[in-house]
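Every chain is numbered from 1, with letters handed out A, B, ... down the list of sequences.
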2 protein chains.
Amino acid sequence: MADITIKDVAALAGVSAATASRVLSGNPATSPQSRDKVAAAVIELDYRPNAQARALRSTRSDSIGLLVPDVRNPFFADLAHTVEQAALSEGYVTLLGNANEQKEQQDRYLDTLISRRVDGIIVAPLGDGGGSIRSLIEREIPTVFVDRTIDGIDVPSVTTDSEVGIRQTVQHLAALGHTRIGYISGPQATSTGRDRFAAFTAAVADAGLSQDPDLVYFGDFQAASGSAGLHALLELHDPPTALLAADSLMAVGAIAILHKLGLRIGTDLALVAFDDIEWFALLDPALSVISHSVEDMGRIAVEMLLEVIAGHTPESVVLPSELVIRGSSSLPILPASSRRKN
Amino acid sequence: MADITIKDVAALAGVSAATASRVLSGNPATSPQSRDKVAAAVIELDYRPNAQARALRSTRSDSIGLLVPDVRNPFFADLAHTVEQAALSEGYVTLLGNANEQKEQQDRYLDTLISRRVDGIIVAPLGDGGGSIRSLIEREIPTVFVDRTIDGIDVPSVTTDSEVGIRQTVQHLAALGHTRIGYISGPQATSTGRDRFAAFTAAVADAGLSQDPDLVYFGDFQAASGSAGLHALLELHDPPTALLAADSLMAVGAIAILHKLGLRIGTDLALVAFDDIEWFALLDPALSVISHSVEDMGRIAVEMLLEVIAGHTPESVVLPSELVIRGSSSLPILPASSRRKN
DNA sequence: CGATTCCATGGAATCGATTCCATAACCACA
DNA sequence: TGTGGTTATGGAATCGATTCCATGGAATCG
């Protein structure tokens, strides 16, 4: 792999390495002849600058890091896509890392991104503020939190106001006659898990519905815990007639079990999921969701990160959420007698 | 951002930079005292080696690149996840790029990965062998193709033998009485698009079914083209009674339209999709799919790439596919008279 | 026409870590 | 005690690109 360096280009063009470098970086202090000769040499040799060396000297790498908790979660896949497109249009390349909802892996990726001297990092953080997250802050590496935050860590963030959507959902379900709403919560170690749980608790209390603690199951945002949660809720002496899942993967896990048990969504159990995923509209009945814009979130996160890199301190942004009612939660509750037993 | 360098560590430890470097890289020619002092200094300063500088000198970066055509396609999201986990367990970090099914963006990402001097690249390529793919080969950068290949480019690959699964599908549909099977094809610019189309054509001919060319619609593997394809097929004078979609996203696009038109899957139109996605099993009726193992594909791709990096030339691997029959294709065909008109 | 500015250019230092090479210290054995 | 052989260590070169600084030539002005 005989690498072609700027010296080869300079030699072929008959100029010095310094001049070649100037031409390549668009420095105006170059003559048209040099420009032409260097350009020709670059094409002739198919020269690609060594990003390592460039970044070493100039302390910029034109790359940002994006760390998501789970690429297989469609919400984060979409987020990765929008962040990447937005960054690309600003001339930045995105290095994507996947924490797999594990703090240890998050730390490993953060270390790597720090080592590679990315110009900035967008992260949907998990855990407390310990480990590599702390290093990030102490080194003053430009950082933006997305979707989630960490208490006590003061970093600009783009998050969703889950409160409105959840309140709408609880009121909507109450209006249909539901009094016992089950909730499959995200982990309390994440800010979204806590916020959504608090919003649910408050909304249920305000609507005068059952506050039975057994109606809440604490999952981990991954599909298997949605299945486990549904099982737990159905086994209650007095099971819920409606269910809200705090993210799409746990909803999928719950739906899988409902299918297996032969229970009908929207009839035997009303169902609403947080996160609007294209697929949810294709189910029969279509799934009601609490929707928030992943495009806005990704785009704004990139804009904010560029601001931080430029030395500014942008205000955090909170995006709205709203209930989208579909077939899975549109029927009034059936009288208990006609409901199927499990 | 006052960066801490190995010199700071060496100074604090009271040794030279050379010795500090030796300790950090586990070189045995170091004394226990030096080891202890350097280790203490590293922790004290929270030192992170500069990956750029390290890679510049040692010509290894301990990172690989993975370029997928579309992160939002669950198949590639899963692939990204398995590749990343497999690479991580071998000590490599994965830089993920998203070509967005566009050759231009693929080239841009390949250029970036080449510039960053990744140790190797796993790519699901698109286009002919031109552009940056050619550079990759000419520079002898360790490369492995995954899912797709490019004619005339001799690179180890892991692909799926779509032929078996497609043949099973056509025979299965024929056994149910279908004679006119619609096919939403992938683009002929991709090897998977071509292979699957060829397999479909051959299977239909062998089964003695209709070879009407109007039954084939050429999409681009993204959801919108699935919708367009379904529309086109339904508008035929003599529309198909069964449909095979060449990937999951186009199937999703088709399903969305079926819902909108009020047509029932499995009854009004039998449906089978290539790629097994968790969600497909949750639809009602559950979707029949041609399944192939994304875990195997990702794991083997990483193994192969490490072999190439080590200087060997592994044999290409072709993984099997198989039909999984579910509700969307289990009913015998209805007599034409009882079918709904569109 | 001499003095001054301007501009393109090359040489050399630099970024941070690795690694070759030389050296010094130490042990062992004759 | 002198020679040979390890072993730990520091100095210096190196990777490839950028950038400061000095220089020589052309252009401009009084």
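Shown here are the side chain to side chain contact (heavy atoms under 4.5 Å, CB included) partners of A:Arg108, two or more places apart in sequence or in another chain: B:Leu88. For B:Thr160, the side-chain hydrogen bond (donor to acceptor under 3.5 Å, both in side chains) partners are B:His292, not counting sequence neighbours. Taking the salt bridge (Lys or Arg N to Asp or Glu O under 4.0 Å) definition, one finds that B:Asp62 meets it with B:Arg60, sequence neighbours left out. Partners of B:Arg194 under the side chain to side chain contact (heavy atoms under 4.5 Å, CB included) rule, at least two apart in sequence or in another chain, are B:Asp151, B:Gln188, B:Ser191.
For the helix from C:dC1-D:dG30 to C:dA30-D:dT1, the rotation axes defined at the first and last 5 base pairs enclose an angle of 50°, given to the nearest 10°.
Across A:Pro187 and A:Phe221, no two heavy atoms sit closer than the pair CD-CD1, 3.5 Å.
Residue pairs that meet the side-chain hydrogen bond (donor to acceptor under 3.5 Å, both in side chains) test with at least one member in residues 298-313 of chain A, sequence neighbours left out, are A:Asp296-A:Arg299, A:Arg299-A:Glu303. A salt bridge (charged side-chain N to carboxylate O under 4.0 Å, His left out) check over residues 117-129 of chain B, counting only residues at least two apart or in different chains, returns the pairs A:Asp3-B:Arg117.
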All N/O donor-acceptor pairs, side-chain side in residues 142-150 of chain B, below 3.5 Å, sequence neighbours left out:
residue  : atom : partner  : partner atom : Å
B:Thr143 : OG1  : B:Ile141 : O            : 2.7
B:Arg148 : NH2  : B:Glu101 : OE2          : 3.2

Distance-only check: which donor-acceptor pairs under 3.5 Å involve side-chain atoms of residues 64-80 of chain A, not counting sequence neighbours?
residue : atom : partner  : partner atom : Å
A:Asp70 : OD1  : A:Arg72  : N            : 3.0
A:Asp70 : OD2  : A:Gln222 : NE2          : 3.2
A:Asn73 : OD1  : A:Phe75  : N            : 2.9

Only distances under 3.5 Å count here; give the side-chain donor-acceptor pairs of residues 34-45 of chain A to other protein atoms, sequence neighbours excluded, each with its distance to 0.1 Å.
residue : atom : partner : partner atom : Å
A:Ser34 : OG   : A:Ser31 : OG           : 2.9
A:Arg35 : NH1  : A:Thr30 : O            : 2.9
A:Arg35 : NH1  : A:Thr30 : OG1          : 2.6

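Shown for residues 29-41 of chain B: residues whose heavy atoms fall under 4.0 angstrom of DNA chain D, namely B:Ala29, B:Thr30, B:Ser31, B:Ser34.
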>> Output one letter per nucleotide in nucleotides 12-19 of chain D: B when a protein non-hydrogen atom lies under 4.0 Å from the base, S when only the sugar-phosphate is that close, - when neither is.
In response: -BBBBSBB

